[in-house]
Amino acid sequence: MPAPADATRPATDMAELLPSLPLETRCPPLPLRRYNGFWLPESVLTELPAIHARLEPRPSDVFLASFPKSGTTWLKALAFATAHRATHPPSDAGHPLRRMNPHECVQFMEMDPELRRDTGSLLEEFAQLASPRVLATHLPYCLLPESITAGEGAAASRVVYVCRNPKDAFISGLFFVKKVSSAYGAGASAGARAFNLEEAFELFCEGRVFAGPQWRHVLQYWEASMRRPKQVLFLEYERMLRDPEATVKKLAEFMGCGFSKEEEEGGVVDEIVKLCSLKELKNMEVNRSGGNQAGVRNDAYFRKGSSGDWRNHLTPELAKRLDKIVEEALQGSGFAFVDDGI
């Protein structure tokens with residue numbers, strides 16, 4: 001597909017460039033700017049030069065990527081529990097995931113609007129972590145640092161991407177925005193309350209949402225996984241739900257920490273799946289009553305965690321309209337979203 005008119009590599013002085021970028025203010029909780037064909041918060045775009053200049057990936061690093069509300073929380077939990085199972089056995093009563101939200105265990109490398117922390121401090125913390133390090137991002141593939149996208153072989157870090165049916169991603173995102181907007185002030189909260197499904201749907205179809213268009217975000221990572229299968233693992237949320245044990249095994253192999261025969265026979269895979277299940281995480285005290293420093297409650301990250309819930313909210317006409325938009329956008333690419341009825 002042709003590159004958007006605003007396409008460019010990260011500018012050295014993003015603050016100077018920002019005012020000239022297309023602006024979208026109708027999608028709460030944060031104003032968005034279009035850069036390189038994607039809509040992102042100004043606070044995230046401002047941090048791009050620092051990420052590109054200061055991030056120093058290690059060969060053992062794993063970067064978890066996703067479009068918002070596509071299985072991010074679950075993937076973070078699974079990857080963290082799998083990568084650190086030697087230090088933190090999943091059956092341990094004091095496991096970090098029993099004390100912290102998955103987003104505290106695996107942080108975003110760009111400034112996290114929900115935590116109100118700048119990228120500089122996050123990168124400094126990341127540099128101090130022992131290997132294997134796990135970090136997350138909602139950035140589209142085209143905006144990742146070349147230190148991540150250009151490496152090959154054993155010396156390159158790895159990227160794990162999770163995608164979700166766009167109709168479910170839309171519905172999950174709409175509910176999430178309504179839950180968290182109060183943390184961004186009265187204006188954002190009022191905007192979210194007035195943000196009805198029809199208006200939100202129009203913006204989603206136009207791609208004018210955080211990290212949107214969703215299908216272009218997904219397609220870039222899928223294409224990267226085709227070009228660089230040893231560096232980019234592409235997961236589909238619907239298949240993960242169907243067979244989480246197989247997903248954990250595939251994830252471990254890709255991250256370079258495959259399960260031994262003794263671990264599998266000892267039930268370690270099953271223990272990780274159970275620890276990271278929506279039911280288990282949702283019922284943990286930290287996720288029922290805790291929250292982050294920005295005022296976003298941890299329970300906002302857990303809703304149904306299912307596939308096909310869009311049928312309870314979208315009319316057949318709206319669903320067909322979105323399907324057609326996505327089908328036309330993906331035409332000729334070779335990629336198609338998994339049907340949620342698998």
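- Contacts of E253 classified as side-chain hydrogen bond (donor to acceptor under 3.5 Å, both in side chains), with partners at least two apart in sequence or in another chain: none.
- F170 and W39 fall into different hydrophobic clusters, where Ile, Leu, Val, Met, Phe, Trp and Tyr side chains are chained together by heavy-atom contacts under 4.5 Å.
- Counting all heavy atoms, side chain and backbone alike, R58 lies closest to S131 at NH1-OG, 2.9 Å.
- The closest donor-acceptor contact from the side chain of E104 to the backbone of N101 lies under 3.5 Å.
- In this structure, D168 contributes its side chain and G308 its backbone to a donor-acceptor pair below 3.5 Å.
- Using a 4.5 Å heavy-atom cutoff, the side chains of C27 and L32 are in contact.
- Residue P57 forms a side chain to side chain contact (heavy atoms under 4.5 Å, CB included) with just one option from I148, V62, L135, and that option is I148.
- In this structure the side chain of E124 reaches within 4.5 angstrom of the side chain of R54, judged on heavy atoms.
- Ring geometry for F234 against Y161 counts as parallel: the plane angle stays under 30°, on a 0 to 90° scale with 60° as the upper cut.
- Atom OG of S307 and atom CE of M240 lie 12.5 Å apart (nearest 0.5 Å).
- Note that the OG1 atom of T25 and the CZ atom of R33 stand 10.0 Å from one another [nearest 0.5 Å].
- No donor-acceptor pair under 3.5 Å is formed between the side chain of S172 and the backbone N or O of A169.
- For the atom pair Y237 OH and W74 CH2, the distance stands at 6.0 Å (nearest 0.5 Å).
- Among residues two or more places apart in sequence or in another chain, the side-chain hydrogen bond (donor to acceptor under 3.5 Å, both in side chains) test is passed with R98 by none.
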Fill in: Trace of the side chain to side chain contact (heavy atoms under 4.5 Å, CB included) decision for T82 with F259
CA-CA 9 Å; T82 300; F259 292 95; 4.1 Å; yes
Worksheet item: Under the side chain to side chain contact (heavy atoms under 4.5 Å, CB included) criterion, do L139 and M109 qualify, and how do the steps go?
Response: CA-CA 9 Å; L139 289 177; M109 70 178 183; 4.0 Å; yes
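- With K76 contributing its side chain and V106 its backbone, the two residues share a donor-acceptor pair below 3.5 Å.
- Hydrophobic cluster membership differs between L23 and L48, with clusters built from Ile, Leu, Val, Met, Phe, Trp and Tyr side chains linked at under 4.5 angstrom.
- Enclosure of atom CD in E198 by more than 12 non-hydrogen atoms of other residues, nucleotides or ligands within 6.0 angstrom is indicated.
- No side-chain heavy atom of R239 sits under 4.5 Å from any side-chain heavy atom of T247.
- P102 is listed as a side-chain neighbour of L97, based on a closest heavy-atom distance under 4.5 Å.
- Applying the side-chain hydrogen bond (donor to acceptor under 3.5 Å, both in side chains) rule to T72 yields the partners S66; only residues at least two apart in sequence or on another chain are considered.
- Residue A319 comes nearest to K167 through the heavy atom pair CB-CD, 3.8 Å, listed as atom of the first residue, atom of the second, then distance.
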Side-chain polar contacts of residues 203-214 - donor-acceptor pairs under 3.5 angstrom, sequence neighbours left out - could you list them?
unit_1, atom_1, unit_2, atom_2, d
R208, NE, E24, OE1, 2.6
R208, NH2, E24, OE1, 3.1
Q214, NE2, R164, O, 2.9

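- Here the NE2 atom belonging to H52 is positioned 9.0 Å from the CG atom belonging to L55, to the nearest 0.5 angstrom.
- Between R85 and C257, the closest side-chain pair of non-hydrogen atoms falls below 4.5 Å.
- Atom CH2 of W310 and atom OG1 of T315 lie 9.5 Å apart (nearest 0.5 Å).
- Rounding to the nearest 0.5 Å gives a distance of 12.0 Å between OG of S70 and CG of L235.
- Heavy-atom minimum distance, K230 versus F254: O-CE1, 3.5 Å.
- If you check the side chains of S147 and E56, you find no donor sitting under 3.5 Å from an acceptor.
- The aromatic rings of H95 and F80 sit perpendicular, their planes meeting at an angle over 60°, well past the 30° parallel limit.
- Residues passing the side-chain hydrogen bond (donor to acceptor under 3.5 Å, both in side chains) test with D61 are R133, sequence neighbours excluded.
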Fill in: Steps toward side chain to side chain contact (heavy atoms under 4.5 Å, CB included) verdict (W215, F337)
CA-CA 9 Å; W215 42 93; F337 284 97; 4.3 Å; yes
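- Ion pairing of R321 with E202 is present here, as a side-chain N (NZ or NE/NH1/NH2) and a carboxylate O approach within less than 4.0 Å.
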Item to complete: Evaluate the side chain to side chain contact (heavy atoms under 4.5 Å, CB included) criterion for residues L40 and E110: first the C-alpha distance (whole Å), next the side-chain angles of each, then the deciding distance (0.1 Å), finally the verdict.
Response: CA-CA 11 Å; L40 293 164; E110 62 266 26; over 6 Å; no
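- For the pair M14 and Y35, the minimum side-chain heavy-atom distance is below 4.5 Å.
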Distance-only check: which donor-acceptor pairs under 3.5 Å involve side-chain atoms of residues 264-275, not counting sequence neighbours?
unit_1, atom_1, unit_2, atom_2, d
E264, OE1, K249, NZ, 3.4

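- Side-chain contact between L197 and L318 is present, with at least one heavy-atom pair separated by less than 4.5 Å.
- Between K69 and L174, every side-chain heavy-atom pair lies at or beyond the 4.5 Å cut-off.
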